[in-house]
Amino acid sequence: MKVLIADDDPISLTLLRSALQRWGYEVVVAKDGEQAWAALSGSNAPTLAVLDWMMPGLTGPQVCRKVRELSREPYTYIILLTSKNTKSETVEGMEAGADDYVVKPFHDHELQVRLRAGKRIIDLQTELLDAREELRDRANKDLLTMLPNRSAIQDLLEQELSRCHREGRTVGVILLDLDHFKRVNDTLGHLAGDTVLRETAGRFRSNMRTYDRIGRYGGEEFLVVLPNCDLEQATHQAERLRSKLDQQPVFVDGTQLCVTASFGVTVSDGGERSPEVLIRVADEALYRAKASGRNCVEYLIIENSRAASDVVGAPAARE
Ligand SMILES: [Mg+2]
């Protein structure tokens, strides 16, 4: 673990450094308060710090206050080194946001134990932050395909729509649905169905531009968001995805399955549209693709869509 030590006294600094290195810490050195603040506020900052109280530039407590004002994550655990040992002064140090203090000249073993306590706090907090990150990630992810889930891809579409609206660009939207997917589940079982979904999701994802996004919208439905795409480009991309699926069978437990999908394409018209409206129009185009024999691409613009104005219309069942 990386530890910052700050002391304006060279002898004290040398003592600190050799002790901490002996205990296995990676040591970052600051010779005054300004240097300490620069190290703690910079990128990849140490999360554990031992600060001398009296230093030119900024004192230990002043550095402490500035670090606390940043209120950054991960937390910085700060130990003040002080020759002041009266209650009111140590209280002042703690008030400034220090977590602990050690009286100078420091006793080796005492400092070692207090650093260990600080390290324990930082390690625990790192675990908590990781767990929170993982929860956040899980909340946005479809755990079968590892793609963004329905609400996450809707959010992405909303963000892209407002961004492109500001910049006067259009956003392509594709809604696609695997053909006769129910048959896979009915004849080969749900595990086979899961394999098909994972495989197709992977194939779609690997055939898109890096800034395009795809999410699992429903059971066997996927929503694709194409920033800066007009209708022609979006339709072309849908055709590309269709053929990537159509050209190569999916293998499920050694069985070769021909999986196809139908695609509905639309594009934002640059006006202020809600994601719901665009998804509804793409859905209407998808319905047409299903009706005209499946394994094909249909597109529709908002002006020609019945669904765009039909807010209460129930989605049609399809397979
Ligand atoms: Mg000093």
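The model shown is predicted, which means the values in this text are computed figures rather than measured ones. In this chain, numbering begins with 1 at the start of the sequence shown. Every number for a ligand or one of its atoms is a count from 1 in the order of the listing.
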Taken by chain and residue number, the protein N/O/S atoms under 2.8 Å from the Mg ion (ligand 1) read Asp8 OD1, Asp52 OD2, Met54 O
In terms of hydrophobic clusters joined by side-chain contacts under 4.5 Å, are Leu16 and Trp53 together? no
Could you list the residues that satisfy side chain to side chain contact (heavy atoms under 4.5 Å, CB included) with Ala39, not counting sequence neighbours? Leu4
Side chain to side chain contact (heavy atoms under 4.5 Å, CB included) against Asn149, all qualifying residues, sequence neighbours excluded: Asp142, Ser151, Ala152
Between Arg198 and Asp194, does any NZ, NE, NH1 or NH2 come within less than 4.0 Å of an OD or OE carboxylate oxygen? no
Inter- and intrachain pairs under salt bridge (charged side-chain N to carboxylate O under 4.0 Å, His left out), touching residues 152-164, at least two apart: Glu160-Arg163, Arg163-Glu167
Can Arg150 be said to sit on top of Tyr217's aromatic six-ring, NZ or CZ under 6.0 Å from centre and within 45° of the ring axis? yes
